[in-house]
Amino acid sequence: MSRRILIAGNWKMNSAPEGACTESSVYHSTEHVDVAVFPTFLDLEECIAAGILTGGQFGHPEAHGAHTGDISMAMLKDNGCSMVLCGHSERRDHHKETNAHVAQQAKAALEVGLHPIVCIGETEAEREHNEQEDVIRRQMADLPLNADITIAYEPVWAIGTGNTATPEQAQEIHALIRSLLPEERTESTRILYGGSMKPSNAQELLLQPDIDGGLIGGASLEPEAFGEIIAIAEQLSQDN
Ligand code: PEP
């Protein structure tokens, strides 16, 4: 496989794990695997200083203005971030981010030179009604798919619940996502899986042909578990 695996840790509203923002922590890229973290805004600087690939959990599309509590893409970039999450399901739910707003975020990130990881995925009710494919199509419709972006498929029912999608369920949606990319981006675009990924299920998920890494919440706060997932990814990359 030509795509390098990306293992990304979303620390959400949690402090950096002890010792994480250091040069010797497990949160660093390895020979064949890119590793990135998404800390709170307060821990960005320390992670960047430790040489860790670091991104914001959100960035506002506008450069500045009356947006209390927000931070702009340009500010993230100017402070040393290289990536940003766009449209995580918790942001879509708690902050009412629409597909259109998420697309604006991704475009604004690209404009300032940040790499966007755009999160998409259906809710439990949408899967129960077999609507997951329509949801994915709608969520992708306005995205700048002809640019260098990463997509994270995160079924909402699997996030933080311990209910991981089966490798087959995940692969089915990842293949759909890839089929919706413009031809020139089909092979190069990374598509991550997110939703209760942990050491015990990482291998079977990462073995799927269209799964190019993981966006990991809970397990990314446990350095040992996160390190195990990175080691699994590194081994799979070496075997390929
Ligand atoms: C996430 O927050 O993006 C996520 C996938 O969380 P968890 O791994 O805890 O399900």
Side-chain angles (χ1 to χ4, degrees), residues 5-17 20 26-27 33-41 43-44 47 53-59 81 83-95 97 99 102 105-106 109 115-124 126-127 132 135-136 139-140 143 149-167 169-171 173-174 177 190-206 208 210-233:
I5 292 181
L6 170 60
I7 301 294
N10 175 14
W11 292 345
K12 311 193 186 196
M13 197 173 70
N14 295 290
S15 300
V26 299
Y27 296 89
V33 176
D34 290 334
V35 177
V37 299
F38 295 83
T40 70
F41 297 133
D43 288 324
L44 289 174
C47 290
L53 257 181
T54 304
Q57 294 176 14
F58 165 79
C81 285
M83 297 185 171
V84 64
L85 295 182
C86 301
H88 189 279
S89 63
E90 288 151 15
R91 301 279 320 172
R92 290 177 187 263
D93 185 13
H94 307 163
H95 298 268
E97 288 183 13
N99 289 337
V102 173
Q105 292 171 33
H115 182 84
I117 299 184
V118 182
C119 306
I120 59 176
E122 79 286 356
T123 62
E124 188 168 19
E126 287 162 343
R127 182 158 278 265
Q132 59 274 16
V135 171
I136 296 297
Q139 290 176 330
M140 288 180 68
L143 295 179
I149 71 172
T150 294
I151 309 267
Y153 169 56
E154 300 207 297
V156 181
W157 47 271
I159 297 180
T161 59
N163 298 328
T164 321
T166 64
Q169 283 173 322
Q171 168 57 27
I173 300 292
H174 280 238
I177 294 169
R190 284 196 282 208
I191 309 173
L192 313 183
Y193 168 79
S196 300
M197 192 186 260
K198 43 190 179 267
S200 59
N201 59 27
Q203 171 144 332
E204 56 181 13
L205 286 161
L206 293 172
Q208 300 304 309
D210 290 303
I211 298 186
D212 309 314
L215 178 55
I216 300 164
S220 74
L221 289 163
E222 299 167 33
E224 203 179 313
F226 196 63
E228 275 180 56
I229 297 173
I230 296 166
I232 289 166

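In listed order, ligands and their atoms are each counted from 1.
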Under 3.5 Å: donor-acceptor pair, side chain of [X], backbone of [Y]:
X	Y	result
Asp43	Thr40	no
His174	Asp210	yes
Gln57	Lys12	yes

*How long is the gap from SG on Cys119 to CD on Glu97, to the nearest 0.5 Å?*
10.0 Å
Pick out the protein N or O atoms lying less than 3.5 Å from any N or O of ligand 1, and list each pair with its distance.
residue, atom, partner, partner atom, Å
ligand 1, 2 (O), Asn10, ND2, 3.3
ligand 1, 2 (O), Lys12, NZ, 2.7
ligand 1, 2 (O), His88, NE2, 3.0
ligand 1, 3 (O), His88, NE2, 2.9
ligand 1, 3 (O), Glu154, OE1, 3.1
ligand 1, 3 (O), Glu154, OE2, 2.6
ligand 1, 6 (O), Gly217, N, 3.4
ligand 1, 8 (O), Ser196, N, 3.4
ligand 1, 8 (O), Gly217, N, 2.8
ligand 1, 9 (O), Gly218, N, 2.8
ligand 1, 10 (O), Gly160, N, 2.6
ligand 1, 10 (O), Ser196, N, 2.7

*Tyr27 side chain reached by Pro17 side chain, heavy atoms, under 4.5 Å*: yes
*Determine the sole option in Leu85, Thr54, Leu53 for which the side-chain contact (heavy atoms from CB on, under 4.5 Å) test with Phe38 is passed.*
Leu85
